[in-house]
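The chains referred to below are lettered A, B, ... by the order of the sequence lines, with proteins before strands, and numbering in each begins at 1.
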Amino acid sequence: MYWLTAIVRPFKLNDVYDKLIDEGIGGMTVTEVKGLGSQRSTTEVYRGASYSNDFIPKIKIEIAVSEDSLERIIEAIVESAKTGKPGDGKIFVSKIQQAYRIRTNEIDLDAI
Amino acid sequence: MYWLTAIVRPFKLNDVYDKLIDEGIGGMTVTEVKGLGSQRSTTEVYRGASYSNDFIPKIKIEIAVSEDSLERIIEAIVESAKTGKPGDGKIFVSKIQQAYRIRTNEIDLDAI
Amino acid sequence: MYWLTAIVRPFKLNDVYDKLIDEGIGGMTVTEVKGLGSQRSTTEVYRGASYSNDFIPKIKIEIAVSEDSLERIIEAIVESAKTGKPGDGKIFVSKIQQAYRIRTNEIDLDAI
Amino acid sequence: MNTEALAFEHNYIFNTIFLLFSGALVMWMAAGFSMLEAGLVRSKNTTEILTKNLLLYALACIAYQVLGFDIMYVDNATAGWLPSFGFGIDATAEGATQPREVDFFFQVVFVATAMSIVSGAVAERMKLSAFLIFSIFMTAVIYPVEGYWTWGAGFLGASVEDGGMGFSDFAGSGIVHLAGAMAALSGVILLGPRKGRYSSKGVKAMPGANMPLVALGTFILWMGWLGFNGGSQLTLNSIEDANAVGKIFLNTNAAAAAGALVAYLLSTIIYGKADLTLIVNGALAGLVTITAAPDSPTPAQAVLFGGIGAGIAFFAINFFDKIKIDDPVGAISVHGVAGIVGVMLVPFTKDVSFLTQFIGIAVISAWVFGASFVVWFAIKKIMGVRISEQDEYHGADASECGIEAYPEFVGSQS
Amino acid sequence: MNTEALAFEHNYIFNTIFLLFSGALVMWMAAGFSMLEAGLVRSKNTTEILTKNLLLYALACIAYQVLGFDIMYVDNATAGWLPSFGFGIDATAEGATQPREVDFFFQVVFVATAMSIVSGAVAERMKLSAFLIFSIFMTAVIYPVEGYWTWGAGFLGASVEDGGMGFSDFAGSGIVHLAGAMAALSGVILLGPRKGRYSSKGVKAMPGANMPLVALGTFILWMGWLGFNGGSQLTLNSIEDANAVGKIFLNTNAAAAAGALVAYLLSTIIYGKADLTLIVNGALAGLVTITAAPDSPTPAQAVLFGGIGAGIAFFAINFFDKIKIDDPVGAISVHGVAGIVGVMLVPFTKDVSFLTQFIGIAVISAWVFGASFVVWFAIKKIMGVRISEQDEYHGADASECGIEAYPEFVGSQS
Amino acid sequence: MNTEALAFEHNYIFNTIFLLFSGALVMWMAAGFSMLEAGLVRSKNTTEILTKNLLLYALACIAYQVLGFDIMYVDNATAGWLPSFGFGIDATAEGATQPREVDFFFQVVFVATAMSIVSGAVAERMKLSAFLIFSIFMTAVIYPVEGYWTWGAGFLGASVEDGGMGFSDFAGSGIVHLAGAMAALSGVILLGPRKGRYSSKGVKAMPGANMPLVALGTFILWMGWLGFNGGSQLTLNSIEDANAVGKIFLNTNAAAAAGALVAYLLSTIIYGKADLTLIVNGALAGLVTITAAPDSPTPAQAVLFGGIGAGIAFFAINFFDKIKIDDPVGAISVHGVAGIVGVMLVPFTKDVSFLTQFIGIAVISAWVFGASFVVWFAIKKIMGVRISEQDEYHGADASECGIEAYPEFVGSQS
Ligand SMILES: Nc1ncnc2c1ncn2[C@@H]1O[C@H](COP(=O)(O)OP(=O)(O)O)[C@@H](O)[C@H]1O
Ligand SMILES: Nc1ncnc2c1ncn2[C@@H]1O[C@H](COP(=O)(O)OP(=O)(O)O)[C@@H](O)[C@H]1O
Ligand SMILES: Nc1ncnc2c1ncn2[C@@H]1O[C@H](COP(=O)(O)OP(=O)(O)O)[C@@H](O)[C@H]1O
């Protein structure tokens, strides 16, 4: 099993979500985060003092996936999250040892 | 060492917390997240237009644990977070290579 | 590649950020979290009833790093986040299998 | 035109202007209570308490128009206790010094005030429908009956010469504020505390979600109270009236100021911090205290009285938590306890006995508490007064109104 | 000093006090609209709508001072339709019963009210600059012209004896509220709905970000409306005036109360929950309805009329969503539909024909809708009325004002 | 009753009604400042600034009652400079045209206004206790002394015939607003800027947490200012008074409108966006400017004057940041700079010399700045004026009040 962490643009969340549902994933967990990367932040002026928020709002999507579907899901995210401009985000993949479904005590592939 | 990621219902946080303290864990990190899974969201009506939030508020608990205590802690979370209805959440386990305590420069098991 | 998760004090975020930029890292992702550990929370009184928030606001910084720079970056975080008082936080390191840059389809070291 | 006719006409106009603008200020207090209470509850119960406040005001206006005003003021026997049921907002009596409609408008906003007091105390756990049904009884019958006994020249309020007791409560420390607090108290007792409020670990703090609303509500009430007490002079058509109203404005303002400062000092001494929510309770308790007689104390006395009322209310807030009466906004202490203090301070500046005042308090309290208890109890039996535990957990906003107060701001606090 | 001179002087003072304080209450309605609208939009458009409301009030004051007042009231022919362009705030006419400045102040706050109605309906997608330019035309010309036709004794409002039609609209259900709604409607049609609002999946709910502001705005408007309707008596210098104004306060308050209750009942019956935003729309629709004749109904009729207006407006809100007219705050239903209801109810309590009232509505609607459409259309052609899709996505606060309304609270809702 | 007696009595009542309701509007400005300031600070300092505003109002009322009013108005020598210490709220003089209590009430709310100005400028870093102690000195002594010199007919304000200078400041551009700004300025200089505000990277923006509160506060102040300037006519018992007050309402409103528009234009031209916080500063600067003489300009002049004051204040905001005077809400620019502009514009519409006006400004500024500096300095030496760096980091809410303003909303912005 793999743990897939995708950082995407907030306004792409809906597209990614629709796409992943199409791909038949059963669940995911979403967090509001702030990101720093090659994307430059905009500068605002407040009462004459300019300021820029170095950190840009992003959405982190975490999904536990089986080995089989890993490639397909990465594909799906890349496709639905891309705009081509800096700031589109990244996907990171790591291994999970175990998974449990609290409600049923099911484990591993049955749990996700 | 293992990294344990549990997704639980917000209103169970206190119970899980009490249970984990009983189990003697030394620390944990909690994040407010939104989840998607088998649990169905409720539909609300606002000015006659109905809407449903597909994403349901959840709490993510992250704990670094030693190999010894892993099973015991998973047990504790399952026990205290279960309601038996869809949406109880999951626990995912992965490996950690290293751990550092910033204050003391202690490492690995001493750090967690 | 490694996935580095650092929990630090909110008010140290700026220092850590400046230091990491100095170290030349290309990106990171930041989340507001609540932590529990050896640091004791303060007790407040509201309308005569005292209460303490067991959970203390913390900042979680996540960075994907190459093997080479791992030590240097850990060093940098420790240095810039330390106050010497309980609550300074931890750094956890785990492995990443793959990384993708959504915008360009670059992978692994090129992606981070 | 002769001078007498002119004087009569102008006095009529003076009274009208004065009472209408005073009444507008009292109407405005409905917003004050709404904001205060919305700031002191948790965000998950905010829409519901706003809805409650808006609807109680609306219901009070209609119920008092249909029945309450008739019970309180129309065709009743002087010094009696059983109200008649005459009907008559429209008819301005021959020789009246202001239009009947103006009287009504000024009175109707008082009813709403009394009812507003209740909503805060039962916050975060009561069914909206149960509350609204109670509102009808309170504003159509319970309050008007004791209103007749006092301001309507019934047995309490009629002068001794007229066969009454001469109970003195200028603008309603007892008649309005204590009455509201008693209706609240009986409701709270039947309802029980918010889940998790009292446990073996002691009292759990449940901080209000929005302090600017608390401050705003307080300023609104402070402003509105100038109309509440000032307008209670009822006429402003002579030099004596003008002097009285001037004094009332000054004293009302001074008592509120003193109340805020006393609460600040107590909070700082006892808890080490300036708890804004206790300070606003202090200001309001000062206002409630002076309300029974804002026209007679010297300004220095007004400061003293406001301070005393606020000090006693301060400790009452703690006391009610000790006996597990859960009042999220402190309404019972601020309006009930300070209301009693206010009524009992009247003999220091007016010619009335402590006994009379005490009897007045006892009668109002017994009637409102008793009648309210019966109504709450009946509602409880028939339809229940409390939302389910699950709904309380998720907040009354979702279960009662279907909309969140701040849909974009709040983390999963629940 | 003789009695007549005294009476004259005092009447002059009475009118001045009355109109100035009533006017202050109407001015206060600008805050009410601001808060109501700021609460009903999403947080990313909040600063912009506040800015819009503040600036429209400012613009309305200047535009009406420079041109609008002259068009509406100065040197016009009775029962005519083409206004003259006399200029004259300063000159108080010989024998006038109050200062000209007081007349102006009371009138200028009405213009701002009419304009405030527009801002809510076009919220969350219009360019600030386009809106402000429209405001100038609306307050300098469009509203004043129909104002002349009606209150300025033009062909609609002049009495039948004077050669007019005798159209009756006491405080402006049609002249102010319907007019505002018509300007809004033409703007909304040209502007289109908010992105994502209507799709094959139906109507997407876009919940307002801050319910306490919604309630606060409603209470402010409710309070201000006492001055809006009361002050429209224009003089308060006789017993008759006093009686009228007393009745107006009572009826205005009662109609609002009835409107809130009707909307509560409908919301509970149809949707199962007490939707606060619909309830406030109900209260405001009740107010709009009674505004055409707050001085003639009995209190019971006022309750009835307020309830009818609120009920019809309730269904209108749904209807406009059906035909994809996107009005985030319900302004067109509340001010337009209830405004029509109010005007058409006048014949039940006053001696005027339904036909006259209907013609009045038709003329006002046609003029305001048509003239506004032309202005909106020209603005659209010349500079565009709508912010870019990307700006709409990120919110008008960022693109128009550069500052967030709640920079520390909001998650990435976008 | 004879006509003269009737006229006397009615005039007394007119003045009373007028001053009390005007005073209520000025009292309401305390809420305006609270909301404005609470919206402009960061959320971690919001409860503290609300507490400060509530308590300063309370303290001002008591301090002015105990000492300030006596210093300012009782038993002083005409055209003198050393106040006596007579005591006398209660005594209404024989033949007075309104009750003494009414005078007092109208004056006491002005003191609170002056003090409110200070709280915004020192926000986010001052100890609550230090601020409150300063408040006592300011409202009991510093303001009353210059108040005596001017409105109390001391050497500045007494007419030339009476041996004074004839300094002219109708409602207090200098006496109230500049005075408040000077007290603020001396405090800010001793206190230093907020940590992190000025660095080698330039000025760091610290955006206010809640824009709806900013807009609400502005509307409240705008409304209250009608009472502030209007009520400063002090009597409303003749046709001349009525004309004057009508003009004042019109001009006050027009100057505010012009100020808002000028700030909008400047903000749009210079920064490219409509910065709401600068626009509200513009509206308020317009109000401050017209306050020195709202009764004499034509409406067109009022627009001009309001616009000039707002324009100058706009650039002053930037200037103070350049010289590292950190004023989170712009109070020194809006009340101080525009206050000076207002006083210096008086000679254009009234018969007074620029020199006299200039001397008045110099004396008021020197006295208030100097005396305030001494008091702030003493407080600093004895107990410190500034919270610790750590407390400033975590916010004054935690250290001073122990409660968060929005406990459920805010992420760890710190
Ligand atoms: N090394 C990294 N570790 C963790 N998160 C990263 C890293 N680099 C980028 N990110 C996240 O990915 C987001 C997008 O990255 P960015 O470099 O701005 O755009 P792009 O991926 O298009 O080059 C960032 O805002 C940040 O949240
Ligand atoms: N594949 C997954 N990857 C990551 N998180 C998941 C996954 N499946 C479920 N979750 C998280 O677990 C939560 C509970 O899952 P859900 O399927 O609703 O209930 P249950 O676990 O009772 O079947 C979800 O809201 C989501 O946050
Ligand atoms: N075992 C753990 N697993 C996950 N997070 C932890 C763990 N222990 C501590 N933390 C995080 O690290 C933060 C700091 O830890 P704490 O023990 O308070 O201080 P210190 O690291 O100085 O001893 C905690 O608030 C929590 O967020």
Counting only non-hydrogen atoms closer than 4.5 Å, does F:V303 touch chain E with its backbone (N, CA, C, O), its side chain (CB onward), both, or neither?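 Side chain of F:V303 only, per the 4.5 Å heavy-atom cut-off to chain E.
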
Quick check on F:W225 against chain E: is it the side chain, the backbone, both or neither that has a heavy atom closer than 4.5 Å?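 The answer is neither part of F:W225.
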
Could you tell me which portion of [X] (side chain, backbone, both or neither) has an atom closer than 4.5 angstrom to a non-hydrogen atom of chain F?
{"X": "E:L213", "answer": "side chain"}
{"X": "E:L54", "answer": "both"}
{"X": "E:L20", "answer": "both"}
{"X": "E:F14", "answer": "both"}
{"X": "E:A63", "answer": "neither"}
{"X": "E:L216", "answer": "side chain"}
{"X": "E:V109", "answer": "neither"}

Considering only heavy atoms from C-beta outward, does the side chain of [X] approach that of [Y] to under 4.5 Å?
{"X": "F:N243", "Y": "E:R100", "answer": "no"}
{"X": "F:M223", "Y": "E:L25", "answer": "yes"}
{"X": "F:L226", "Y": "E:F105", "answer": "yes"}
{"X": "F:F18", "Y": "E:F21", "answer": "yes"}

For chain E, find which of F:D241, F:I17, F:T218, F:I239 contributes the most heavy-atom pairs closer than 4.5 angstrom.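 Max contact count across the listed options: F:I239.
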
Of the listed residues (F:A256, F:A215, F:A274, F:G246), which shares the most heavy-atom pairs with chain E below a 4.5 Å separation?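 Max contact count across the listed options: F:A274.
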
Is there a side-chain hydrogen bond (donor to acceptor under 3.5 Å, both in side chains) between F:N253 and E:Y57 once you walk through the steps? CA-CA 10 Å; F:N253 190 56; E:Y57 181 83; 2.9 Å; yes

With respect to chain F, which residue among [options] yields the maximal number of heavy-atom pairs within a distance under 4.5 Å?
{"options": "E:A38, E:S399, E:G23", "result": "E:S399"}
{"options": "E:D103, E:I62, E:V102, E:N15", "result": "E:I62"}
{"options": "E:T47, E:T46, E:I220", "result": "E:T47"}
{"options": "E:V108, E:L55, E:T16", "result": "E:L55"}

Nearest-0.5 Å distance that lies between atom [atom1] in [X] and atom [atom2] in [Y]:
{"X": "F:D275", "Y": "E:I403", "atom1": "CG", "atom2": "CD1", "result": "4.0 Å"}
{"X": "F:L276", "Y": "E:K52", "atom1": "CG", "atom2": "NZ", "result": "13.0 Å"}
{"X": "F:S238", "Y": "E:Y12", "atom1": "OG", "atom2": "OH", "result": "10.0 Å"}

Between [X] (side chain only) and [Y] (backbone N and O only), is there a donor and an acceptor less than 3.5 Å apart?
{"X": "E:E408", "Y": "F:S43", "value": "yes"}
{"X": "F:K273", "Y": "E:D397", "value": "no"}
{"X": "E:Q65", "Y": "F:A254", "value": "no"}

Nearest non-hydrogen partners of [X] and [Y], listed with the distance:
{"X": "F:A257", "Y": "E:C61", "value": "CB-CB, 4.0 Å"}
{"X": "F:A209", "Y": "E:P407", "value": "O-CD, 3.7 Å"}
{"X": "F:A7", "Y": "E:L6", "value": "CB-CD1, 3.5 Å"}

If the condition is side chain to side chain donor-acceptor pair (under 3.5 Å), which residues does E:E48 pass it with, not counting sequence neighbours?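 So E:E48 forms no side chain to side chain donor-acceptor pair (under 3.5 Å) with any residue.
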
Only counting residues at least two apart or in another chain, list the ones meeting side chain to side chain donor-acceptor pair (under 3.5 Å) with E:N210.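 Residues passing side chain to side chain donor-acceptor pair (under 3.5 Å) with E:N210: E:Y406.
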
With side chain to side chain contact (heavy atoms under 4.5 Å, CB included) as the test, pick out the partner of F:Y264 among E:L59, E:L128, E:T51.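 Going through the options one by one, the only one that passes is E:L128.
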
More than 12 heavy atoms from other groups under 6.0 Å of OH on E:Y73: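 Atom OH in E:Y73 is crowded, with more than 12 foreign heavy atoms closer than 6.0 Å.
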
